[in-house]
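Note sheet for the following structure.
All values reported here derive from a predicted model rather than from experimental measurement. Lettering follows sequence order; numbering is per chain, from 1. Below, each value reflects all heavy atoms present in this structure, side chains not excepted, and no hydrogens, waters or symmetry copies.
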Amino acid sequence: MTMSKKLSPQYNPKDVEDRIYRMWEQSGFFNPDVCVRKKATTKNAGVFSMVLPPPNVTGTLHLGHAFETTLQDIMVRFHRMRGERTLWIPGTDHAAIATQAKVEDMLYKKEGKTRHDLGREEFLKRVERFAQESRDTIVHQIKKMGASLDWSREAYTLDEKLNLAVRTAFVRMYKAGLIYHGSRMINWDPRLKTVISDDEIEWKEERTEFYYLQYGPFVIGTARPETKFGDKYVVMHPNDRRYAKYAHGQKIELEWINGPITATIIKDRAIDMAFGTGVMTITPWHDTTDFDIAERHHLDKEQVIDYDGKLLPIAGEFAGIHIKKARTMIVEKLKMKGLLVRTDTDYTHRIATNSRGGGVIEPQLKEQWFVAVNKEFRMPHSKITSIKKGQHITLKGIMLHVVKSKQVEIMPKRFEKTYVHWVNNLHDWCISRQLWYGHRIPVWYRSTDTHGKRNGKTCVGIRPPQGKGWEQDPDTLDTWFSSGMWTFSTLGWPHATPDLKNYHPTSVIAPGYEILQLWVSRIILMSGYLLGDIPFRRVYFHGIVRDKDGRKFSKSSGNGIDPLEVIASCGTDALRMSMTVGIGPGSDVRFDMDKVKAYRNFTNKLWNIGRFILLHHVEREKAADKVNFSPKQKKDLRELATLVKKVTKHLDAFAFHHAAELLYHYTWHTFADKIIEETKPQLTGGDPGKRAQAAVFLLEIYATLLKLLHPFMPFVTEEIWSRLPGAGTRKKKNLLIVEQWPK
RNA sequence: GGGCGCUUAGCUCAGUGGUAGAGCGCUGCUUUUACACAGCAGAGGCCCAAGGUCCGAUCCCUUGAGCGCCCACCA
């Protein structure tokens, strides 16, 4: 009776959660090595391993992270309780461009300075400081979610350990010819002064004017007259009868923006005869399509816009003017010269912006480092089924093969199509960035001429070369290059560590579907080449958490909710349940505080069932260890056994929403509403033996429920568990986190 | 222009080839000694539309409508 007095009629998560989490941490059970040592599992037990998709150190976590963390922790706790050697690795991502942009922004707002005012070294110190603060906040938030991560293995994508992995990867891929330095069309952000990859682009619709210009005998259409200075090729379809009298290669004299020029006729099938006038001029330096046409016909390519977004001398009187300003001026001049035929005003087109900073992307022809995805190479080693060592293959080939052959299973299945489609259309991956925060490219040059042209020696190596005069490439690597190695760099690669041997390939990875291209596919690529292996057996994609009205959470709409606020008002267990029940795999979630409250009520219900049972605990003391159950009780226990089977089956199938709902329903509407109510007369009756028998019976079911509910609601279940007397046949009492999963 | 997803109770969403489910909300009763963050009772649905397959469809197939997302170099 004494214990029950301590229990208040309302469960108060604030009194419980931090204490319980500390207890788990001190127990060491988040670490599988400790689990083996303390006999919570064995050396030869099966393995369940997973990496936490590392959050960016750009600030704080949002409800999407809470959702993601919940799903993963459910898996991890389930597998740990099943006695598997369970490892879940935490960490954070330096998120090069996002973090740098954020710090630059703050620096400018607070001090009016740019990164160049501070210099590379000082600026990086600032970024490091910011990253460290973010990392602390994030770790705190993750712990508040109850995540049972092995903090002794925490990693950061910029750790020296991971930096070695990155350099090693770069060097190996370079030597295999899979990383090359070359001049290609890239996406240039004039604001952040860096290149970004195709996948970092965010397209925005924009209404602009569409101009029809007189170009000699032709009329051409354009939305961007400010790029047209260098246009000296006019292209049309070879089958276009309207222009049959013009021959490929024919020269035409015409009056253009800044005076007379000689244009050359080009016939190319890329032209859409039905669009506009069926004729266009090309700007090969600043447009992918135009570049391809120019390549096919060996045409000149001239830069028109510089890397600050200003026009170059080729623009004559407009040189030095920013393209934003230049457009109206140029249109004005065209009008004066009578070259403007007409203007459409309701033209919408899509402009590319940098999703990490918002700058408008200007395509440029520029030298960068790339990963060649379509280049054939000999597989250096392979654990992948039906790809042999020495076999000729491409990176794209590996990426497709492991998924199509189900060595990597994508769930829900519909995302497999997205993956395959994306990989099929994959272009070479631009991995260099003109940023300061990130992994420095492990390439050194000697003797550069005054124009910055490398006419001397190049050294690509894991360590700096010996001798004088070597200068390291100033650029850094795409943040996804290092996070693409996350599943194995965190386990110690390139060293052959025990962790790598024990826990790789990982069992599952559970990111949001929006990160399929950016991250998941990159890990498969990197792991496929560098380890000749799959990085994980399963990808379980979850959806996006939206607000009550279905909008995405974002800073601009000011609808962000801090998970910690929700936890403060309803507790972590309630938040976790609300992000589990009723959410189909891969579907988006609308966050609703009312739903959290509903599960806070459930948490309280579970708590009060415990209170009630403990109230009658004294009766149980007098009972024999083993009691005989009545036929009705046996029937109830059989029903419980069925529940155990169903819940286990659903968890194995990643159907967390089903498992949670079953448990919710059984606990409340079968156990509390029916079984307990039916047992009450016996429990409060005059026969002490029967009273004790009833208490044992209820405790039997309740103990099983606490175990089943633990992955979903770890705090309240562990707390109640710690107060329960030994139930049924249990001899020694463990922490619930390592209790054996019911069979 | 391709591809994908969604359309089920007032709201948010699960779900199944055989008379429809949850949470919240709503109505009525109950301050019963675990819980009012509760209990009991209840109202509420041509499961988007039209065809087809089937003994039988909300679930499978076809077409269409509305909404949403992803991908794509239309100047």
Report, as a single string ordered 5' to 3', how protein heavy atoms within less than 4.0 Å touch nucleotides 29-35 of chain B: B base, S sugar-phosphate only, - not at all. -----BB

Counting just side-chain N and O atoms, does A:Thr288 come under 4.0 Å of either OP1 or OP2 of B:rA72? no

Start at the 5' end of RNA chain B and walk down; is the nucleotide closest to A:Tyr664 or to A:Arg414 reached first? A:Arg414

Which one, B:rG15, B:rA72, B:rC37, comes nearest to the side chain of A:Arg350? B:rA72

How many Å lie between CD1 on A:Ile361 and P on B:rC73, as a whole number? 14 Å

Set of ring pair (Phe, Tyr, Trp, His ring centres under 6.0 Å) partners for A:His298, sequence neighbours left out: none

Take A:Ala270 and A:Asp592, find for each the nucleotide of RNA chain B with the closest heavy atom, and name the residue whose nucleotide sits nearer the 5' end. A:Asp592

Can you tell me how the ring of A:Tyr11 sits relative to the ring of A:Trp607, calling it parallel under 30°, perpendicular over 60° and tilted otherwise? tilted

Do the side-chain N or O atoms of A:Tyr347 get closer than 4.0 angstrom to the phosphate oxygens (OP1, OP2) of B:rA75? yes

To the nearest Å, how far apart are A:Asn425 CG and B:rA72 P? 7 Å

According to salt bridge (charged side-chain N to carboxylate O under 4.0 Å, His left out), who are the partners of A:Glu718, at least two apart in sequence or on a separate chain? none

Let's test this: given Watson-Crick or G-U wobble pairing with both distances under 3.5 Å, identify the partner of B:rA14. none

Now, which nucleotide makes the Watson-Crick or G-U wobble pair with B:rC4, with each of the two distances under 3.5 Å? B:rG68

When rounded to whole Å, the NZ to C1' distance for the pair A:Lys595 and B:rC37 reads 18 Å

Can you figure out which of B:rG23, B:rC24, B:rA14 approaches the side chain of A:Glu661 most closely? B:rA14

Spacing of A:Tyr513 atom OH relative to B:rC6 atom C1', expressed in whole Å: 11 Å

Please lay out, stage by stage, how A:Trp422 and A:Met399 fare under the test side-chain contact (heavy atoms from CB on, under 4.5 Å). CA-CA 11 Å; A:Trp422 185 78; A:Met399 293 166 86; 4.3 Å; yes

Ignoring backbone atoms, establish whether A:Arg590 has a side-chain N or O less than 4.0 Å from OP1 or OP2 of B:rC13. yes

Interatomic distance, A:Trp607 CH2 vs B:rC37 C1' [rounded to whole Å]: 14 Å

Tell me whether the side-chain N/O atoms of A:His665 come closer than 4.0 Å to OP1 or OP2 in B:rG23. no

Across all strands, who's sitting opposite B:rU19 as a Watson-Crick or G-U wobble pair, both distances under 3.5 Å? none

Check the distance between B:rC24's P and A:Phe602's CZ and give it to me in whole angstrom. 12 Å

Ignoring backbone atoms, test whether A:Lys597 places a side-chain nitrogen or oxygen under 4.0 Å from the OP1 or OP2 oxygen of B:rC37. no

Any side-chain N or O of A:His349 less than 4.0 Å from the OP1 or OP2 oxygen of B:rA72? no

Cation-pi, A:Tyr211 ring and A:Arg342 (6.0 angstrom, 45 degrees): no

One thing to verify: whether A:Arg350 and A:Glu205 come together as a salt bridge, which I'm taking to mean a side-chain N less than 4.0 angstrom from a carboxylate O. no

According to the interplanar angle, ranging from 0 to 90°, do the rings of A:Phe210 and A:Tyr212 count as parallel (below 30°), tilted (30 to 60°) or perpendicular (above 60°)? perpendicular

